[in-house]
Participant: 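If you scroll down you'll find the structure; I have some questions about it.
If you're wondering where the values come from, they're calculated on a predicted model, not measured in any experiment.
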Amino acid sequence: MSVVTRFAPSPTGMLHLGGARTALFNWLYARHHGGTFRLRLEDTDRKRSTPEAIAAIVNGLTWLGLEWDGEIVRQSERRQRHAEVAHELLAAGGAYRCYCTPEELETMRAEARAAGLAALYDGRWRDRDPAEAPPGIDPVIRFRAPQEGETTISDLVQRDITIDNTALDDMVLLRADGTPTYMLSVVVDDHDMGITHAIRGDDHLTNAFRQTQLFRALGWEPPAYAHIPLIHGSDGAKLSKRHGAVAVGAYAELGILPAAMRNALLRLGWSHGDDEIIDTAQAIAWFDLDAVNRGAARFDMEKLQSLNGHYIRESADSVLLIDLEQRLAARHPAAATDEGRRRIAALLPEAKARAKTLVELADNLAFLFRDPRDAMTPKAHRLLNGLSLETQAHLGALAYMLEELAEWDEAELERFVRAFAEGEGIGLGKIAQPLRAALTGSHASPGIFAVMVALGREETVARLNAVGILASGR
RNA sequence: GACCCCUUCGUCUAGAGGUUAGGACACCACUCUUUCAAGGUGGAGACACGGGUUCAAUUCCCGUAGGGGUCACCA
């Protein structure tokens, strides 16, 4: 039997890290087994489901590179089928009408809780004569759940878990307005879509018992379940807004590469020996549910960034170029010109190793398009102001010669400047640091010769002139 | 509160009834070096606690503590 998995988010908000990892695991499991990965939107709560949320999910999955198979299933479009199943169950005696008012249920729960019990529906309409139904109340249809014995699920991650059936109540299948609830929809859709493996967050664990009971009542076989541990924030609490970025879209903006995100998410709750850097092809080959942990993991931004730095270094320049041009052009229009692209491309190989995010990479290249004097770091400022007369003379002489240098390439520049420093009997740093400050406005940058090549002779000379270095050499 | 789950360095994790308890991120030092990174080398850092079982337990069992999840006509 071929594997069919699904990612089934409710489109009520952004696609967050936990959802993204659930999708990743489903996708990997399907790909590993040569199966199918479906996307299903659980939008049975039409009030809370929004087009924006649907777009966020679709965009998030696309950005992550988790392509789904077949059409997106929208649960709301399958209402008829869900209701039909509920009515069949009702006719067969597996469900019944309940005429409780919301207030009545509220009281029931409050009393149960006050008595120190779980707040469950007490089944008061389970065997009551429908003739006693109060007038003017639209009933809900409840599942006639087994009241004795126990239910066991064989979870692929959490192992066998058994629960006493008294811990579960008769859940609502069809609301008073006739619309299906999540619990019914999931069961019918998982069955109809032929889902073989339901891989989802641990928060659904207790649902698995209810759903298993419903599957059996319907005479169907439930899918294999795999409840993966939740992702927590750095303080160990459930991931939420206060933990900073939780939506995958935010990570794209922060300059995280999809490959890094996939790798980071993969290693949260899953491992393959001591392996840390695991690309997607390798992940597909290795991924399996038996290596998934059972405890929740905390999300670590530092590790993501470290991984991201690795994937940036591994990325082809041509790929990074497109992203960088966009990021830089937003602030410096010149970045989007031919000369701008040339400058970025020239420095990219050097700059790649110095950034953990694309934002940082763009920041590190921004000096190519602005006057260094406008954004001088304090250290760079001190560097230029504290030059001895001797050093000033050296720099001036060097700058003057640079104007006339025959070749303007990295090797030639390095050879020339080194020879110059040696000739004057001074360390290269004495020359390189002031040059760096003048050319980049910073005390730290990619290699100074690569910087000069990226800027070009004309711009290099102009910048040296602008801070008075060239003048002192004339 | 009831039910269920979890517990190895700060974090993510490997691990086996007998190991100097391994790796990664972060941290520190050294190295490389024109700066900053990257790279290399090294360092510090963990089996929650208490009982069992056993020749031997961090590993198996039971408790305790701590953490988490679920208890809707939400999903």
Participant: Looking at every strand, decide which applies to A:Leu120 at a 4.0 Å heavy-atom threshold: base, sugar-phosphate, or nothing.
Facilitator: sugar-phosphate
Participant: Taking only the side-chain heavy atoms of A:Arg109 (C-beta and beyond), determine which of B:G1, B:A72, B:A75 contains the nearest atom.
Facilitator: B:A72
Participant: Please check if the distance between the ring centroids of A:Phe25 and A:Trp270 is under 6.0 Å.
Facilitator: no
Participant: Any donor-acceptor pair under 3.5 Å between the side chain of A:Asp300 and the base of B:A26?
Facilitator: no
Participant: Rounding to the closest angstrom, what is the interatomic distance between B:C9 and B:A26 at atom C1'?
Facilitator: 12 Å
Participant: When all nucleic acid strands are considered with a 4.0 Å heavy-atom cut-off, which category describes A:Arg210: base, sugar-phosphate, or nothing?
Facilitator: nothing
Participant: Identify each donor-acceptor pair in which a side-chain atom of residues 140-159 of chain A lies under 3.5 Å from a protein atom, sequence neighbours left out, and give them as a table.
Facilitator:
from	atom 1	to	atom 2	distance (Å)
A:Arg142	NH1	A:Asp170	O	2.6
A:Arg144	NE	A:Gly93	O	2.8
A:Arg144	NH1	A:Arg126	O	3.1
A:Arg144	NH1	A:Asp127	OD1	3.1
A:Arg144	NH2	A:Arg126	O	3.4
A:Gln147	OE1	A:Arg126	NH1	3.3
A:Thr151	OG1	A:Asn165	OD1	2.5
A:Thr151	OG1	A:Gln213	NE2	3.0
A:Thr152	OG1	A:Thr162	OG1	2.8
A:Ser154	OG	A:Asp160	OD1	3.4
A:Asp155	OD1	A:Val157	N	2.8
A:Asp155	OD1	A:Gln158	N	2.8
A:Asp155	OD1	A:His227	N	3.1
A:Asp155	OD2	A:His227	N	3.2
A:Asp155	OD2	A:His227	ND1	2.5
A:Gln158	NE2	A:His227	O	2.7

Participant: With a non-hydrogen cut-off below 4.0 angstrom, is A:Cys100 in contact with a base, only sugar-phosphate, or nothing?
Facilitator: base
Participant: Looking at A:Asn293, does any N or O in its side chain come under 4.0 Å of the phosphate oxygens OP1/OP2 on B:A14?
Facilitator: yes
Participant: Taking any heavy-atom pair under 4.0 Å as a contact, classify A:His232: base, sugar-phosphate, or nothing.
Facilitator: sugar-phosphate
Participant: Mind checking what makes ring pair (Phe, Tyr, Trp, His ring centres under 6.0 Å) contact with A:Trp68, not counting sequence neighbours?
Facilitator: none
Participant: If you take all heavy atoms of A:Leu365 and A:Ala351, which pair is closest and at what distance?
Facilitator: CD2-CB, 3.8 Å
Participant: Side chains of residues 423-439 of chain A: which donor-acceptor pairs under 3.5 Å do they make with residues two or more places apart or in other chains?
Facilitator:
from	atom 1	to	atom 2	distance (Å)
A:Glu424	OE1	A:His394	NE2	3.2
A:Gln433	OE1	A:Arg436	NE	2.7
A:Gln433	OE1	A:Arg436	NH2	3.4
A:Gln433	NE2	A:His443	O	3.4
A:Arg436	NH1	A:Ser445	OG	2.8
A:Arg436	NH1	A:Pro446	O	3.1

Participant: For the P atoms, the ones on B:G39 and on B:G17, what distance do you get once it is rounded to whole angstrom?
Facilitator: 36 Å
Participant: Paired with B:A2: which nucleotide, if any, by Watson-Crick or G-U wobble criteria at under 3.5 Å for both distances?
Facilitator: B:U70
Participant: Under the rule for side chain to side chain donor-acceptor pair (under 3.5 Å), what residues qualify as partners of A:His87, not counting sequence neighbours?
Facilitator: none
Participant: Sequence neighbours left out, what passes side chain to side chain donor-acceptor pair (under 3.5 Å) with A:Arg373? Give chain and number order.
Facilitator: A:Asp371
Participant: Can you sort out the partners of A:Arg79 under side chain to side chain donor-acceptor pair (under 3.5 Å), two or more places apart, ordered by chain and number?
Facilitator: none
Participant: Remember a base hit wins even if backbone is also touched, and classify A:Met171 as base, sugar-phosphate or nothing at under 4.0 Å, heavy atoms.
Facilitator: nothing
Participant: Below 3.5 Å is the cut-off: list the nitrogen or oxygen pairs between protein and nucleotides 46-50 of chain B, distance only.
Facilitator:
none

Participant: Nearest-Å distance, NE2 (A:His82) to C1' (B:A75)?
Facilitator: 14 Å
Participant: Would you classify A:Val172 as touching base, sugar-phosphate or nothing, given that sugar-phosphate means primed atoms plus P, OP1 and OP2, and contacts are heavy atoms under 4.0 Å?
Facilitator: sugar-phosphate
Participant: Output all residues satisfying side chain to side chain donor-acceptor pair (under 3.5 Å) with A:Arg457, sequence neighbours left out; order by chain, then residue number.
Facilitator: none
Participant: Classify the side-chain pair A:His82/A:Ser185 by whether it contains a donor and acceptor separated by less than 3.5 Å.
Facilitator: yes
Participant: So A:Leu304 and A:Phe299, do their side chains get closer than 4.5 Å, heavy atoms only?
Facilitator: yes
Participant: Taking any heavy-atom pair under 4.0 Å as a contact, classify A:Thr44: base, sugar-phosphate, or nothing.
Facilitator: sugar-phosphate
Participant: From the set B:G69, B:G23, B:C12, return the single nucleotide nearest to any side-chain atom of A:Arg298.
Facilitator: B:C12
Participant: Within the structure, does a side-chain N or O atom of A:Arg294 lie under 4.0 Å from either OP1 or OP2 of B:C5?
Facilitator: no
Participant: Now, which nucleotide makes the Watson-Crick or G-U wobble pair with B:G63, with each of the two distances under 3.5 Å?
Facilitator: B:C49
Participant: Which atoms of nucleotides 34-39 of chain B (N or O only) lie under 3.5 Å from a protein N or O atom, and what are those distances?
Facilitator:
from	atom 1	to	atom 2	distance (Å)
B:U34	OP1	A:Arg418	NH1	3.1
B:U34	OP1	A:Arg418	NH2	2.8
B:U34	O2	A:Arg436	NH2	2.2
B:U35	O4'	A:Gln433	OE1	3.0
B:U35	O2'	A:His443	O	2.9
B:U35	N1	A:Arg436	NH2	3.3
B:U35	O2	A:Arg436	NH1	3.4
B:U35	O2	A:Ser445	N	2.7
B:U35	O2	A:Ser445	O	3.0
B:U35	N3	A:Arg436	NH1	3.2
B:U35	N3	A:Ser445	O	2.6
B:U35	O4	A:Arg354	NH2	3.3
B:U35	O4	A:Gly447	N	3.4
B:C36	O2	A:Arg354	NE	2.6
B:C36	N3	A:Arg354	NE	3.1
B:C36	N3	A:Arg354	NH2	2.7
B:C36	N4	A:Arg354	NH2	3.3
B:A37	O2'	A:Ala353	O	2.7
B:A38	O4'	A:Ala353	O	3.2
B:A38	O3'	A:Arg313	NH1	3.2

Participant: Quick check for you: among B:C12, B:G69, B:C73, whose closest atom lies nearest to any side-chain atom of A:Arg142?
Facilitator: B:C73
Participant: Can you tell me the Watson-Crick or wobble partner of B:C25, both distances under 3.5 angstrom?
Facilitator: B:G10
Participant: Can you tell me which nucleotide in B:U70, B:G23, B:C12 comes closest to the side chain of A:Glu276?
Facilitator: B:G23
Participant: Under 4.0 Å, counting only non-hydrogen atoms across every strand here, what does A:Ala297 touch: a base, just sugar-phosphate, or nothing?
Facilitator: sugar-phosphate
Participant: Check whether the side chain of A:Asp274 and the base of B:G22 form a donor-acceptor pair under 3.5 Å.
Facilitator: yes
Participant: In whole angstrom, give me the gap between the C1' atoms of B:G15 and B:G40.
Facilitator: 27 Å
Participant: With nearest nucleotide decided by heavy atoms, which residue, A:Asp160 or A:Asp275, maps closer to the 5′ end of RNA chain B?
Facilitator: A:Asp160
Participant: In this structure, how many angstroms lie between the C1' atom of B:G68 and the CG atom of A:Asp203, rounded?
Facilitator: 11 Å
Participant: Taking the nucleotide of RNA chain B with the nearest heavy atom to each, does A:Asp43 or A:Phe209 sit closer to the 5' end?
Facilitator: A:Phe209
Participant: For B:G39, give the paired nucleotide (Watson-Crick: N1-N3 plus N6-O4 or O6-N4; G-U: N1-O2 and O6-N3; both under 3.5 Å), or none.
Facilitator: B:U31
Participant: Report which part of the nucleic acid A:Ile277 touches: base, sugar-phosphate, or nothing (heavy-atom distance under 4.0 Å, all strands).
Facilitator: nothing
Participant: Using purine N1 to pyrimidine N3 plus N6-O4 or O6-N4 for Watson-Crick, or N1-O2 and O6-N3 for G-U wobble, both under 3.5 Å, which nucleotide pairs with B:A16?
Facilitator: none
